[in-house]
Every structure is written in C-alpha cells, then in structure tokens.
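Read the structure below first, then the notes.
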Amino acid sequence: MKLFAMAALLAAGASFAQNSASTTWKLATGYRAESFHGKNLSQFADEVKAATQGQLSIELHPNNALIKLTEIRASVEAGKVQAGESIMSGLTKDIPTSGADSVPFVVSTYADAQRLWKSQRPLTEKAFAQRGLKVLYAVPWPPQGLHSKKPILSMQDFKGTTMRTYNPTTLRIAELLGAKGQDVPMVEVGKALKEGRIDSMITSAVTGAENKVWGDIKHYYEINAWFPKNIVYVNAKAFTALSAPAQKAVMDAAAQAEQRGWQMSQKAAADSTEELRANGVKIERIPREIDVALKRLGEKFSREWVTSVGQDATAIFTPYYFDGISGAQTAQSPSK
Ligand code: PCA
C-alpha cells in the first residue's frame, strides 16, 4: 500500500516535471481581496500552485477591477479570463436554478444552506457545463439581515425610501415593500450611504462591517432572510487542457476551499455582527407585525419563483425538505 502510494506520488511528480510548461489562469471577482471570500480564494490559489509544483498559478483580480461582477460569468464562458467568482443569485437570468439561493425565509441556518447546496449542486454543475464552465466550489455569505438608517416600526416605513439591491430578489423585495430599488456594487455600499443614495439594504453583517456603515446605518435586524452563495468556476477548456494530476490537484484544493470557506463564513457572521454592535449599530429583532408581513411577502416571492423556474425548482426543494425531515428524525432517535 505504501509502495503504491509512493509510486503514485512519483508518477504525479514525474508528470508535473515532464509537462514543465506552466499555465496561469486569471480569476476575476467582484469582491474584495480582504474579505473572507477573498482570503479563501487566495489560499486556494496558493494550494493549487504548491500541489501542482508551480504548473498552475491562479492570478486573482478582485474588486470588479478586471471585469464587472455582472459580466464575469459570460467572460469566463467566452474565454476572456479562465476563471471567475460570481454570486449565484445574480446569475438567474441565464441559470434560473441559481435563484434558489435567495428565495426568502426558506434557509435560515448554515445546516439548511448546506442541504440546499447538496440538492442544488447537480443541477448547477449541469447548467454550468452546458455553458462550457466547470464548477469548482461554492461558499455562502453570512445570513442576510436588514440594515436601516431609521428604525423600522411599521411597513409604512419602507414606502418611498430607497433600498440598495444586488440581485433580482432584493430588487423584487424592494418593489413589494413600496421602496425604490437601487443597484449598488458591494464595494461601493459605504460610498452610496455617505452620498445619501440609500436608506436601507438587505445584506450580511459582513458587508455592513466591511463598508463601515455605522456612521449612517443605526439599526441591524437579524432576519436571516437567505444565505446567498458565491460560486467559483473555470472555463472547461482551460480545465481539460491541464494534465490529469493537475486537474485532480485543482479539484482537491477546491474541495478543501469549500469546506474551509463555510467555516470562515460562520466565523465572519459572528465577528461582523459584534463589530457592528461595537460601533454603535443596534442589533435588533424585527417587530412581530413586520416579521409576519415580511414572511408573507416571502411566500409571494417563493410562489413567483417556483412558477418561473418550473420543474427544476421542485427538483431542488423536494430533496431539501425530505433530507431535513429525515435528518430531524435521525437526530430524535438516539436509541438506534
Ligand atoms: N454581501 C454581498 C452579497 C451578499 C452579501 O452578504 C453584497 O451585499 O453585495
């Protein structure tokens, strides 16, 4: 067994050495290098480089600098860059099932989010493959809460205000609330607040903390509306151009990055909520009347979503609920 493992290692080493030409992939992302997603990506790139003995380098281009977030997926498909990171719920126009990520008030814990990814992954991989893309890994943002300049005491408080949006769900929710939606890239949220362009937003505490929103945002309501994921992928031709051992090294590092990223996300969720609190943002529970009204809007949104996506919506959510129920039953029967 040991001999076999050594032989395999030698073979892998030999094939990296034989094919000494090294490759560089450009990876574009719309998010910051310093955010937990960015740190995870950078560790992924380091691990790939080490595991392929320098045969593959992944060069990161954060902050929308090389390509704007909304254009990254198409650019990777077209081969303008080899790899990219996108927020899945921003891809719904081309890949409707990726909107499962931001159907409100279905997924409310990391365990739920993990179950959703499990049932969503096969369809996601298929949809990406149809567009010449290979999925590497996905990691969620922390739960989405409501940030507001003013306290939200009634549903009327949204009327006529401007809500920052980042995907079709946030845009539709703003509409349903009677607010005006305004798309603002994540890295420009602080600026938009300073310029008085937005009154509220649904996003994570991390995005609030990274944008140092506390001068303007005074209230953060932990509504756990959904857990949107970022997905990292590569142009399939670029991937298959790699040697077999390099392909394996990339996929192994991707599996590690996925596992590590989910842990980083949970830690970032807790740390950033504390950071908001320490900087004077009130961390509050949403008043009951508003909670009920938001859940009702969530149901309306869910119905619209299921109708627009059709059968694939069922293919994702049936195993999601089934797993949840059987998981709960297992947990309740320790005697077995
Ligand atoms: N931050 C990103 C997406 C979700 C999140 O928590 C944003 O606000 O754009």
Side-chain angles (χ1 to χ4, degrees), residues 28-41 62-65 67-73 84-92 98-110 112-113 116-117 138-148 162-174 179 181-194 197-214 216-217 220-232 261-262 264-276 281 283:
T29 171
Y31 300 104
R32 292 193 173 105
E34 312 79 47
S35 79
F36 77 91
H37 284 297
K39 287 184 184 152
N40 194 30
L41 258 180
N63 259 351
N64 299 305
I67 302 171
K68 279 203 327 224
L69 179 63
T70 46
E71 288 158 21
I72 292 175
R73 197 206 61 71
E85 178 186 45
S86 302
I87 183 159
M88 283 177 69
S89 57
L91 303 175
T92 50
S98 57
D101 266 42
S102 57
V103 174
F105 308 117
V106 174
V107 166
S108 61
T109 63
Y110 276 93
D112 286 353
L116 176 63
W117 179 221
V139 167
W141 289 90
Q144 306 290 288
L146 173 65
H147 301 248
S148 178
T162 304
M163 203 170 197
R164 179 255 170 171
T165 63
Y166 69 81
N167 68 2
T169 305
T170 42
L171 184 59
R172 180 73 185 123
I173 287 181
Q182 161 131 32
D183 189 70
V184 178
M186 187 273 202
V187 294
E188 286 171 26
V189 161
K191 190 163 162 259
L193 276 164
K194 289 273 157 311
R197 285 193 276 131
I198 50 177
D199 302 300
S200 68
M201 58 183 180
I202 296 181
T203 184
S204 57
V206 159
T207 291
E210 278 186 8
N211 284 287
K212 303 197 184 325
V213 297
W214 34 79
D216 304 280
I217 296 289
Y220 180 64
Y221 300 93
E222 294 187 290
I223 57 174
N224 283 11
W226 60 87
F227 287 61
K229 291 183 288 294
N230 275 4
I231 189 161
V232 177
W262 283 68
M264 291 170 97
S265 179
Q266 292 199 49
K267 181 162 182 344
D271 291 352
S272 54
T273 305
E274 277 322 302
E275 196 178 344
L276 292 181
V281 178
I283 313 295

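For this chain, numbers begin at 1 and follow the sequence in order. Just so you know, ligand 1 is whichever comes first in the structure, and atom 1 is the first atom listed for that ligand.
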Open item on the list: For Arg164, give me all partners under salt bridge (charged side-chain N to carboxylate O under 4.0 Å, His left out), at least two apart in sequence or on another chain.
Closed with: none
Task: Qualifying residues under salt bridge (charged side-chain N to carboxylate O under 4.0 Å, His left out), relative to Lys212, sequence neighbours excluded - done: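 For Lys212 there are no salt bridge (charged side-chain N to carboxylate O under 4.0 Å, His left out) partners, ignoring immediate neighbours.
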If you look at each N/O of ligand 1, which protein N/O atoms lie under 3.5 Å away, and at what distance?
unit_1	atom_1	unit_2	atom_2	d
ligand 1	1 (N)	Thr203	OG1	3.2
ligand 1	1 (N)	Thr207	OG1	2.6
ligand 1	6 (O)	Gln144	NE2	3.0
ligand 1	6 (O)	Thr203	OG1	3.1
ligand 1	6 (O)	Ser204	N	3.2
ligand 1	6 (O)	Ser204	OG	2.6
ligand 1	8 (O)	Arg164	NH1	2.7
ligand 1	8 (O)	Arg164	NH2	3.4
ligand 1	8 (O)	Thr203	OG1	2.7
ligand 1	9 (O)	Arg164	NH2	2.8

Task: Main-chain N/O of Ser108 paired to Asn224 side chain as donor or acceptor, under 3.5 Å - done: yes
- [ ] For the residue pair Phe36 and Trp141, categorise the inter-ring angle as parallel (less than 30°), tilted (30 to 60°) or perpendicular (more than 60°).
- [x]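 Plane angle over 60°, so perpendicular.
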TODO: Heavy atoms only: give me the nearest Ile198-Val184 pair and the separation to one decimal.
DONE: CG2-CG2, 4.4 Å
- [ ] Can you run down the salt bridge (charged side-chain N to carboxylate O under 4.0 Å, His left out) pairs that involve residues 266-275, sequence neighbours left out, and say none if there aren't any?
- [x] Lys267-Asp271, Glu274-Arg277
